[in-house]
Visitor: 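To start, I am sharing the structure in question, which I have written as structure tokens.
Every heavy atom of this structure was used, including side-chain atoms; hydrogens, water molecules and symmetry mates were not.
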Amino acid sequence: MRDGETKRDIRDTDLDRPALEAALARIWNTPEGLWGTLATVDHKIIGRRYVITAFVFLALGGVLAMLMRLQLAQPEARVLGPDRYNQIFTMHGSNMMFLFAVPVMEAVGVYLVPLMVGTRNIAFPRLNAFSYWIFLAGGALLWISFVLDMGPDVGWFAYVPLSGPQYGFGKRADIWAQMITFTELSALAVSVEIVVTILKQRAPGMSLDKIPLFVWSMLVTSFVVIMAMPAIMIASSTLILDRLVGTHLFNPAEGGDVLLWQHLFWFFGHPEVYIIFLPAVGMVSTMTATFARRPVFGDLAMVMALIATGILAFGLWVHHMFVTGLPRLGESFFTASSMAIAIPAGVQIFCWLATLWDGKPIFKTPLLFVIGFIVTFVIGGLTGVMVASVPFDTQVHDTYFVVAHFHYVLIGGAVFPLLGAIYYWFPKITGRMMSESLGRWAFWLIFIGFNMTFFPMHLLGLQGMPRRIYTYQPDMPWHDVNLFVSVSSLILVAGFLLFFFDAIRSARRGLPAGDNPWDAPTLEWATSSPPPSFNFSYIPVVKAANPLWEQPDVLAVAGGLRINSRELIISTVASAEPEAREASPRNSIWPFVAALATTVMLISSIFTPWAVVWGSIPIAVALIGWFWPKGTPEDES
């Protein structure tokens, strides 16, 4: 008997299903009202908040993109001045990379991973709540500063010395650096939670060879985040020290090194592309299997490709620095590694094509986005191999060719799968279906609008149009293509507006979905849609890689958990054999209080270094309240 157990403990095997579900709802539900909103630790509620907030940032970033396209549609346009354009350019990139792309991919993992591995909550659920509030605070800091005309204006990469104290006057660069601290702290927290959830909270029997490919992708992504994010946090922190304390770490006149910033930034910045791409790979694998009506071809090859991509991602960062005067031998190494990473990507694409070829594909909206992803990502991958070549990169560096390339990689490689995943998992989250007809219209508008917008940018780059210019002269041969791009972007916007309209309408009035409308094989569909607060009435026992297809006794259960307190099964890493029962923390206001205290300290430190000293006091108080023993196992976790 564990410490704290009494004879009055009630087990899930003591009650029939209706009585069990009522008892579990009492202990796992989130209270109504403001208190419940601030104190919840339910991974599904927090995951939904992450996704909705990230899509709000996507919409805001899209507005900024349209303003830039309006400015560039004509030579010598006066829609935006150079200062405001620099702010909008920086805000667009920073918003899309740090407030949308990475957070939304982790958000889908926060919602789905516990369901897909058969547990009742994510590991460290209070840390999960804290991570969301920190993410929200970082986004609010960036956008409020922009509204107040204090928005960063140094590019989403904030190269020194432009962002340093010599040229970056005011607080704009400081706000950018602290926004990085907020978002990367949030990302690191989520990654730790996902790793522990996958390795230690899987349903009994879900050995490593039975983990869904999406879960594998989130595991690899989380490890990449844990290894890459500290580099950008160090970079932003040292930039703050240069600007506020006078450390001169990036000042060559005082023994600093300007290129050190680029090494630190891109050691994070290129793995970040795969932090965004790897979850998309898992989404595509999941949707491909469901709509091809067969398991993914080459499951082991897919897992090995995920791991290889995660490892190789750390050997590419210098291909962003080919024109900085680095040794030629080093450049040749990074050219080779940049081309080598195309191998696992090619393996994945061929496995998806083989799955569709050998299956009986059903061309629903999610599968259309999968096919759109394959087309656009292959184009982005081919241009990626081109810019991995030093001679070619030297010619197109800092031109619109690179802009076209990374939009093909990021939108084609991440946004297309993400939109397909929203259509796919929308019934799981809301219990309602999105419109199939509106979904097809949205797909074709987005697919056509995207290619008409970004493919001509390759031509602009080959014609020599530089990035990050707010206007150009009429005698330059770029006017017609720029006008075409700007008009085409309206088609892309129309597609996204139709997607948002469909999602909002369907959440309220969509057709009821049922528990498993796609007849999908993975474990998240074994519970109701939307899932109850406790996820599963009984913890399932997994005996196959696709349990809802291959396991006739999928409702075989692991019993013995207490239902008058929050309790989880802890399993072994390799074979997922149950080894302990562990309390899961209850709802608590302290993660919100800790996030609020951290926010005040970080924002105040922009204006005085002493804020770090005095701001640590309320943070310490919040952490003491968070971890103070309260007499129950759930409150002491």
Side-chain angles (χ1 to χ4, degrees), residues 25 28-30 36-37 40-59 100 103-122 125 128-129 132 135 190 193-194 197 212 214-215 217-218 279-280 282-284 286-287 290-291 364-367 369-370 415 417-436 438-439 442 499-537 548:
W28 286 90
N29 275 2
T30 295
T37 299
T40 184
V41 294
D42 187 334
H43 75 97
K44 299 179 294 299
I45 295 176
I46 295 169
R48 287 200 304 269
R49 288 177 182 173
Y50 258 118
V51 171
I52 293 171
T53 305
F55 270 98
V56 169
F57 288 134
L58 170 66
F100 170 68
V104 78
M105 291 304 186
E106 290 199 314
V108 176
V110 166
Y111 190 97
L112 289 175
V113 164
L115 290 166
M116 297 184 85
V117 302
T119 187
R120 285 181 173 155
N121 205 353
I122 199 167
N128 192 36
Y132 171 75
F135 162 65
V190 172
E193 299 153 17
I194 289 176
T197 302
F214 177 75
V215 177
S217 73
M218 290 308 306
M283 296 172 185
V284 169
T286 302
M287 292 184 284
T290 296
F291 293 106
K364 297 290 187 179
T365 298
L367 189 60
F369 278 100
V370 167
V415 177
L418 176 65
L419 297 180
I422 296 298
Y423 278 96
Y424 179 72
W425 277 298
F426 191 86
K428 170 52 57 182
I429 297 171
T430 67
R432 298 182 180 276
M433 301 292 293
M434 293 181 71
S435 169
E436 184 66 23
L438 291 181
F499 166 79
F500 285 124
F501 169 78
D502 189 15
I504 295 170
R505 183 200 64 86
S506 299
R508 298 179 177 179
R509 296 179 306 186
L511 295 175
D515 291 343
N516 187 2
W518 308 119
D519 188 25
T522 43
L523 209 54
E524 77 273 23
W525 300 100
T527 186
S528 61
S529 298
S533 56
F534 46 86
N535 289 355
F536 298 93
S537 303
L548 301 193

Visitor: Test F291 against Y424 for side chain to side chain contact (heavy atoms under 4.5 Å, CB included), laying out the working first.
Guide: CA-CA 10 Å; F291 293 106; Y424 179 72; 3.7 Å; yes
Visitor: For the residue pair P114 and F536, what are the closest heavy atoms and their distance?
Guide: O-CE1, 4.4 Å
Visitor: Does any non-hydrogen side-chain atom of F426 lie less than 4.5 Å from one of I429?
Guide: no
Visitor: Looking at every heavy atom in both I46 and P125, which two are closest together, and how far apart are they?
Guide: CD1-O, 4.4 Å
Visitor: For a 4.5 angstrom cut-off between non-hydrogen side-chain atoms, does S506 reach Y423?
Guide: no
Visitor: To the nearest 0.5 Å, what is the distance between OG1 on T37 and CZ on R49?
Guide: 5.5 Å
Visitor: Please list, chain by chain and in numerical order, all residues satisfying side chain to side chain contact (heavy atoms under 4.5 Å, CB included) with P279, sequence neighbours excluded.
Guide: M105, M218, T221
Visitor: Which residues satisfy the salt bridge (charged side-chain N to carboxylate O under 4.0 Å, His left out) test with K428, sequence neighbours excluded?
Guide: none
Visitor: For P212 versus T522, what's the shortest heavy-atom pair and its separation?
Guide: CB-CG2, 4.1 Å
Visitor: Give the intermediate values and the outcome of side chain to side chain contact (heavy atoms under 4.5 Å, CB included) for residues I122 and V113.
Guide: CA-CA 8 Å; I122 199 167; V113 164; over 6 Å; no
Visitor: Considering all heavy atoms of both residues, which atom of A107 and which atom of Y50 are nearest to each other, and what is their separation?
Guide: CB-CB, 3.1 Å
Visitor: Quick one: CZ on R432 to CE on M434, what's the gap to the nearest 0.5 Å?
Guide: 13.5 Å
Visitor: What's the shortest heavy-atom distance between P417 and M283, and which atoms?
Guide: O-SD, 4.0 Å
Visitor: Would F55 and L418 satisfy side chain to side chain contact (heavy atoms under 4.5 Å, CB included), going step by step from the backbone distance to the final call?
Guide: CA-CA 11 Å; F55 270 98; L418 176 65; 3.8 Å; yes
Visitor: Do you know which two heavy atoms are closest between T290 and P521, and how far apart they sit?
Guide: OG1-CD, 3.5 Å
Visitor: Per the side-chain hydrogen bond (donor to acceptor under 3.5 Å, both in side chains) rule, which among K44, E524, R120 passes with N535?
Guide: K44
Visitor: Please assess F369 against M287 for the test side chain to side chain contact (heavy atoms under 4.5 Å, CB included), listing each intermediate value before the final yes or no.
Guide: CA-CA 10 Å; F369 278 100; M287 292 184 284; 6.0 Å; no
Visitor: Between atom CG of L115 and atom CG of L523, what is the distance when rounded to the nearest 0.5 Å?
Guide: 8.5 Å
Visitor: Look up atom CH2 in W425 and atom OH in Y111, then write down how far apart they are to the nearest 0.5 Å.
Guide: 11.5 Å
Visitor: CZ/F57 to CZ/F100 distance, rounded to the nearest 0.5 angstrom?
Guide: 11.5 Å
Visitor: Return each pair, listed once, that meets salt bridge (Lys or Arg N to Asp or Glu O under 4.0 Å) where at least one residue sits in residues 507-518; pairs must be two or more places apart or across chains.
Guide: none
